[in-house]
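Working notes for the structure below.
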Amino acid sequence: MYMGLKDVRYTLSAWTELIPESEIRRLLKFTVKYYFAGGKPGILPLETFAKILEEVSQEQLKLLQEKKYFEVINQYNYEKTAGYDPLRKVVAKRLRERDNIPLPSDDEEAKNKVIITTGSQQSLFILGDILIDPGDVVITPAPAYLGFLGPMMRFGARIVTVPSDDKGIIPEYVEEAIKKSIETFKRVPDIVYVIPDSDNPKGTTLPMNRRKRLYEIAEENKILLVEDAAYRDIQFQKPLPPIKSFDKENRWVAYLRTTSKEAAVFRIGYCVIPDELIDNFLKSKGYIDLTSPTINQVILKVYYEKYIDKVLPETIRGYERRCKVMTKTMDEHFPEGFRTDPTGGFFVWWESANKTFNASVFLEKVAIPNDVSYVPGAAFYPLPQFGYMYDPDKREIVPLKEIPENAMRLSYSYLPENLIEEGIIKLGKLLSEHLR
């Protein structure tokens, strides 16, 4: 007998029931006037990319006239899993010269250390895929980027959160959390995850002494430190050296970058990972997508080679103006609370002084119906079944039972200054009425 679709039952894998969809992905479904939720780039060099597209198409037409068909076909074809070599070479040179990443002086040799990914999010997923088995341990700041937490929960990791302050994660607590992980779980953590420059979600930047100490901790304990440098090129002042710059033998730091913030959302990332991990990293990537889109890499090669240093300074100044408008307006119109003071990136973190305030409930019942969105702070903590915290008072790792509900992450990246001001005034008024 014919069985209609309603009678079909699929047996899904366990994680689909355990882990909800990303809060940012969920919030993208809502169309609001004052969008402060996801970190969507809102200042893009549109004329530059139009010019690059014209250059690329003119070059392709020239090659076709010269009957070099395969050179054009290959730009729309599969590429090697590690990426398009001309882009890898340009990026490797840039990382070596600007960020002091320890790469070979020969560009041809250096390119082999750079892997192109389909967004830096793919790098996070792949590292989880090749390093994490159920019950393994990773260490993150509290709060932490939800795009890292999701894959780690997907692979069944125990996520130990470590306190952070207005300068980011606290290295001495990381060191103690590693020791307590060995005692508590009988496992050396596989990963310590940090965003050193204007981190997501708090917007804090690690000072030099903390960067150096985190590298030393990774080296001393033989643990991979994942340095997510998504916002490194969106800094309002000269950026500090990356943690990766200390990793002279390329052994302990995976350095992840993305073009989404410093170019546009082409879904292309690039990374330098320890040599020992490269083969398995590429094996995993090959199973996930075979290769990242070649034509996007062709376009970005031109951008990084000829245009980024001409257009990025104005982009950064634009984000700085937006940040200042948001923080100034928050100070004038928000009720009592605490906010971070970012020196780059896309985000401000705000915590209500009223500990009973629930930012998730307020978002659904008040903010979104009034055309305002943000991401509740609770989204940046692991689910209870995966989450632990290092408690510096008890000097123990304990289950993460209570997640702070009184915080929110606000993005200033997408909207122009006038709408940021309007939206923050509106949100501040709604908060003040709710909390009085």
Side-chain angles (χ1 to χ4, degrees), residues 36 39 41 43 95 98-101 120 124 139-149 161-175 192-218 225-247 253-258 260-262 271-272 312-313 315-328 330-331 338-351 375 377 380 407-413:
F36 302 129
I43 303 175
L95 291 177
R98 291 174 60 90
D99 288 349
N100 199 27
I101 302 301
S120 61
L124 297 176
I139 293 176
T140 75
Y145 172 48
L146 57 80
F148 177 74
L149 297 176
T161 63
V162 169
S164 63
D165 59 17
D166 61 351
K167 295 178 182 175
I169 197 168
I170 300 169
E172 67 184 272
Y173 295 160
V174 173
E175 191 169 19
V192 174
Y193 175 77
V194 293
I195 303 177
D197 305 292
S198 304
D199 83 310
N200 181 356
K202 288 179 71 175
T204 57
T205 294
L206 284 171
M208 196 64 198
N209 63 328
R210 293 195 186 186
R211 294 172 188 241
K212 187 171 188 298
R213 185 60 196 135
L214 284 171
Y215 174 74
E216 292 169 348
I217 290 168
L225 190 149
V226 176
E227 179 178 11
D228 188 341
Y231 305 95
R232 175 159 182 79
D233 268 3
I234 309 297
Q235 297 300 300
F236 307 150
Q237 54 200 29
K238 185 177 179 181
L240 294 168
I243 300 171
K244 183 66 178 175
S245 64
F246 298 112
D247 191 20
V253 180
Y255 186 64
L256 315 184
R257 297 288 297 264
T258 177
S260 295
K261 311 302 187 292
E262 58 203 37
C271 63
V272 178
L312 196 58
T315 297
I316 294 169
R317 285 192 289 271
Y319 285 131
E320 184 175 19
R321 289 192 294 271
R322 292 182 179 193
C323 178
K324 286 180 178 177
V325 168
M326 178 172 277
T327 54
K328 179 175 182 292
M330 287 172 70
D331 290 345
F338 159 81
R339 69 161 176 83
T340 53
D341 193 18
T343 56
F346 283 3
F347 307 111
V348 177
W349 179 263
W350 182 79
E351 296 177 10
V375 182
F380 301 96
M408 62 179 68
R409 189 197 72 177
L410 297 156
S411 171
Y412 51 79
S413 61

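We count residues from 1, following the sequence as given. On a predicted model such as this, the values are computed, not experimentally measured, just so you know.
- The distance from the CD atom of Glu351 to the CZ atom of Arg339 is 13.0 Å, given to the nearest 0.5 Å.
- One distance of note links OG1 of Thr343 with CD of Gln235; it measures 5.5 Å at 0.5 Å rounding.
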Next item on the list: Test Val194 against Arg211 for side chain to side chain contact (heavy atoms under 4.5 Å, CB included), laying out the working first.
Entry: CA-CA 10 Å; Val194 293; Arg211 294 172 188 241; over 6 Å; no
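- Side chain of Glu227 to main chain of Ile243: a donor-acceptor pair is present (N/O by atom type, distance under 3.5 Å, no hydrogens or angles).
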Note to self: As a quick check of understanding, evaluate side-chain hydrogen bond (donor to acceptor under 3.5 Å, both in side chains) for Asp247 and Tyr255, giving each step before the final call.
What the structure shows: CA-CA 10 Å; Asp247 191 20; Tyr255 186 64; over 6 Å; no
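- Between Lys202 and Asp165, none of the side-chain N atoms (NZ, or NE/NH1/NH2) sits under 4.0 Å from a carboxylate O, so this pair counts as no salt bridge.
- In this structure, the ring pair (Phe, Tyr, Trp, His ring centres under 6.0 Å) partners of Tyr231, at least two apart in sequence or on a different chain, are Phe346, Phe347.
- Put simply, the side chain of Ser245 never gets that close to the backbone of Asn100: no donor and acceptor are under 3.5 Å apart.
- With Arg232 contributing its side chain and Leu240 its backbone, the two residues share a donor-acceptor pair below 3.5 Å.
- With sequence neighbours excluded, no residue satisfies side-chain hydrogen bond (donor to acceptor under 3.5 Å, both in side chains) with Glu320.
- Applying the side-chain hydrogen bond (donor to acceptor under 3.5 Å, both in side chains) rule to Tyr193 yields the partners Asp228; only residues at least two apart in sequence or on another chain are considered.
- Separation of atoms SG (Cys323) and CG (Leu410) is listed at 11.0 Å; rounding is to 0.5 Å.
- Thr140 places no side-chain N or O within donor-acceptor distance of the main-chain N or O of Thr161, the cut-off being under 3.5 Å.
- Distance alone, capped at 3.5 Å, places no donor-acceptor pair between the Arg409 side chain and the Asn200 backbone.
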Note to self: Applying side chain to side chain contact (heavy atoms under 4.5 Å, CB included) to Thr327 and Tyr412, what does each step give before you reach the verdict?
What the structure shows: CA-CA 9 Å; Thr327 54; Tyr412 51 79; over 6 Å; no
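- No side-chain heavy atom of Arg213 sits less than 4.5 Å from a side-chain heavy atom of Arg210.
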